[in-house]
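Counting from 1, the numbers follow the sequence of the chain as shown.
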Amino acid sequence: MFKAPRGMKDILPAEQHYWKYVCDEATQISRLYGYERIDTPALEYTGLFLRSVGEETDIVEKQMYTFEDRGGDSVTLRPEGTAPVCRAYIEHGLHNLPQPIRLCYFGSIFRYERPQAGRLRQHQQFGCEAIGSADPLLDAEMVDMAWRLCTLLGLKDLTVQLNSIGCQVCRSRYVQQLRTYYSSYADLPCPDCRKRLQHNPLRLLDCKNPPCQEIAIKAPRIWESLCDECRRHFDSLKDYLARLQIPYELNPHLVRGLDYYNRTVFEIQAMDTGGQNALGGGGRYDGLIELLGGKPAPAVGFAMGIERIILNLQKQSMQPPARNTARVFLAYVGEDAKRAALTLADDLRQAEIGVVVAVDGRSLKAQLKQANSLGLPQAVIIGQDEIQSRSVTVRDMARGEQASIPAEQLVSQLKAQSASGGIAGTNSTYGTGS
Ligand code: AMP
């Protein structure tokens, strides 16, 4: 028996309505803020991620799906969405378009992680990037979009965690202070933190290990070390978020795991999901385009994890709109009626009424049972009598009532019903069948 690879999921029809709901709302958000869609390959040359994400990050050290292709090139399944968008921006000269350029994407992300609820080896992200401006209004726009997506979806009990990690200049001063502070702890409790002290001291601040957190709590805060420009940027951002009435919390321990961030970093977190509580996050990455070989262009972005959003919708018992978008089940008795059903289904679809047509020559009773189990509100039934009298029988599945109407009136009647809710026509000769 073959199984899906560990940590990777099939998305079965029963869950698709959640996906449609979340992706439709995300698309709507991107329209509301003027973000245009970009798609990049699932695979990139490995060097792109080594350079952008950083060679000493968890993603590069432990999580990338990297392999040599048949031509001998090292390629990597995309472990995050920002670097590929930046690569495309440079490769296609998008800096020649009016700046900033606002882009959004949906795509699979691959990370070799220890799978658990809300942590997969392949997950989907919706992300937005604004490239070509350092205006803090864009940082606020990112937080606003991520927050609005969650609230539009009806998610509750979320927080926005916000921090500034400064620029290269003020951060390196701060990192020095941090090293001095940590050097007074002869032996750090976790091996990861001992490594971080050497290679990536900022990440000491967000270690999830409780004894490490106790040390981190008393560490100096970066805010006191921010240079004037970074402080002004941060103050403006906070002011804009207050104007937008976004309830953010300042969190000096939020640093995020990728090397390219500077100044703003933020996360949308669920209050109760423990380790996997981040629904989305992002920040500013003013140096990345230049680092990848482009003309310098400041930028900011965020990405939301769609599986985590769905997990939270389900936890909060939020029901997306109806699962089956078809409205009508087309049932028939006999071979002539089957042919008539085919053209009738075509008429309904031309009128944008979704139809599921019966198959396999089952009894009418079995067909109506199927209509019920699919949750379709109406069945249209055609038999020999209907063919002769050029009529159809329309059945309200919930009430079990049915009526006969002229076939040529079906489309207009069904359309009218969406508005009024009733079924018009004379009584039918069919029994209820159930
Ligand atoms: P990141 O690129 O790590 O900032 O992740 C952005 C969002 O993607 C996170 O906030 C999560 O919602 C989601 N995410 C990240 N890693 C995973 C994973 N392994 N499994 C499922 N969702 C993830």
Assess whether salt bridge (charged side-chain N to carboxylate O under 4.0 Å, His left out) is satisfied between E44 and R87, documenting all intermediate values.
CA-CA 10 Å; E44 296 277 352; R87 194 261 312 133; 2.7 Å; yes

With a 3.5 Å distance limit and no angle check, can you tell me whether [X] reaches the backbone of [Y] through a side-chain donor-acceptor pair?
{"X": "D396", "Y": "R399", "result": "yes"}
{"X": "R349", "Y": "V355", "result": "yes"}
{"X": "R102", "Y": "G34", "result": "no"}
{"X": "Q99", "Y": "L94", "result": "yes"}
{"X": "N163", "Y": "L254", "result": "yes"}
{"X": "Y21", "Y": "L153", "result": "yes"}
{"X": "Q16", "Y": "I11", "result": "yes"}
{"X": "D10", "Y": "L12", "result": "no"}
{"X": "E61", "Y": "I59", "result": "no"}
{"X": "Q367", "Y": "Y332", "result": "yes"}

Salt bridge (charged side-chain N to carboxylate O under 4.0 Å, His left out) between K238 and D235: does it pass, once the steps are laid out?
CA-CA 5 Å; K238 288 185 280 187; D235 287 345; 3.5 Å; yes

Pairs touching [range] that satisfy salt bridge (Lys or Arg N to Asp or Glu O under 4.0 Å), sequence neighbours left out:
{"range": "residues 210-231", "value": "E229-R263"}
{"range": "residues 72-84", "value": "none"}
{"range": "residues 21-35", "value": "K20-D24"}

Sequence neighbours left out, what passes side-chain hydrogen bond (donor to acceptor under 3.5 Å, both in side chains) with D206? Give chain and number order.
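For D206 the side-chain hydrogen bond (donor to acceptor under 3.5 Å, both in side chains) partners, ignoring immediate neighbours, are R203.
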
For R37, side-chain hydrogen bond (donor to acceptor under 3.5 Å, both in side chains) partners two or more places apart
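Partners of R37 by the side-chain hydrogen bond (donor to acceptor under 3.5 Å, both in side chains) criterion, ordered by chain and then number, come out as D39.
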
Write out all pairs satisfying ring-ring contact (aromatic ring centres under 6.0 Å, His included) with one or both partners inside [range], taking only residues at least two apart or from two chains.
{"range": "residues 284-317", "value": "Y260-Y285"}
{"range": "residues 100-126", "value": "Y65-Y112, F106-F126"}
{"range": "residues 31-59", "value": "none"}

Quick one: [atom1] on [X] to [atom2] on [Y], what's the gap to the nearest 0.5 Å?
{"X": "L188", "Y": "C212", "atom1": "CG", "atom2": "SG", "answer": "6.5 Å"}
{"X": "M145", "Y": "L138", "atom1": "CE", "atom2": "CG", "answer": "10.5 Å"}
{"X": "I109", "Y": "Q63", "atom1": "CD1", "atom2": "CD", "answer": "12.0 Å"}
{"X": "D144", "Y": "T151", "atom1": "CG", "atom2": "OG1", "answer": "8.5 Å"}
{"X": "M397", "Y": "R327", "atom1": "CE", "atom2": "CZ", "answer": "14.5 Å"}
{"X": "T180", "Y": "Q176", "atom1": "OG1", "atom2": "CD", "answer": "5.5 Å"}

Between [Y] and [X], is there a side-chain heavy-atom distance shorter than 4.5 Å?
{"X": "F234", "Y": "W223", "value": "yes"}
{"X": "F329", "Y": "L374", "value": "yes"}
{"X": "P136", "Y": "H233", "value": "yes"}
{"X": "E68", "Y": "S74", "value": "no"}
{"X": "V160", "Y": "E267", "value": "no"}
{"X": "I165", "Y": "R171", "value": "yes"}
{"X": "V394", "Y": "Q378", "value": "yes"}
{"X": "I353", "Y": "V328", "value": "yes"}

Just jot down the salt bridge (Lys or Arg N to Asp or Glu O under 4.0 Å) partners of [X], sequence neighbours excluded, or say none.
{"X": "D346", "answer": "none"}
{"X": "D286", "answer": "R284"}
{"X": "K62", "answer": "D58"}

Minimum-distance pair of heavy atoms, taken over all atoms of [X] and [Y]:
{"X": "L364", "Y": "A331", "value": "CD1-CB, 3.9 Å"}
{"X": "A297", "Y": "I131", "value": "CB-CG2, 4.1 Å"}
{"X": "G54", "Y": "T57", "value": "O-OG1, 2.7 Å"}
{"X": "P252", "Y": "L205", "value": "O-CD1, 4.0 Å"}
{"X": "A146", "Y": "M304", "value": "CB-SD, 3.8 Å"}
{"X": "I29", "Y": "L149", "value": "CD1-N, 3.8 Å"}

Name all pairs fulfilling the side-chain hydrogen bond (donor to acceptor under 3.5 Å, both in side chains) condition that reach into residues 182-199, sequence neighbours left out, sorted by first residue then second.
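Non-adjacent pairs meeting side-chain hydrogen bond (donor to acceptor under 3.5 Å, both in side chains): Y181-Y185.
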
Is there a side chain to side chain donor-acceptor pair (under 3.5 Å) between E129 and T82? Walk through the geometry before answering.
CA-CA 7 Å; E129 318 286 352; T82 299; 2.9 Å; yes

Between Q161 and T159, a side-chain donor and acceptor under 3.5 Å:
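Short answer, yes.
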
Please evaluate residues L313 and L155 with respect to the criterion side-chain contact (heavy atoms from CB on, under 4.5 Å), reporting the C-alpha separation (whole Å), side-chain torsions for both, the decisive distance (0.1 Å), and the verdict.
CA-CA 6 Å; L313 285 170; L155 287 168; 3.7 Å; yes

Show your working on side chain to side chain donor-acceptor pair (under 3.5 Å) between Q124 and S108 and close with a plain yes or no.
CA-CA 4 Å; Q124 295 281 328; S108 294; 2.7 Å; yes

Taking side chain to side chain contact (heavy atoms under 4.5 Å, CB included) as the criterion, tell me which of I222, L204, I217, L202 meets it with H253.
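The residue from I222, L204, I217, L202 that satisfies side chain to side chain contact (heavy atoms under 4.5 Å, CB included) with H253 turns out to be I217.
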
Check this for me: Q319, atom CD, are more than 12 non-hydrogen atoms of other residues, nucleotides or ligands nearer than 6.0 Å?
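Enclosed.
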
S164 vs T264, side chain to side chain donor-acceptor pair (under 3.5 Å): CA-CA, chis, key distance, verdict:
CA-CA 5 Å; S164 170; T264 308; 5.9 Å; no

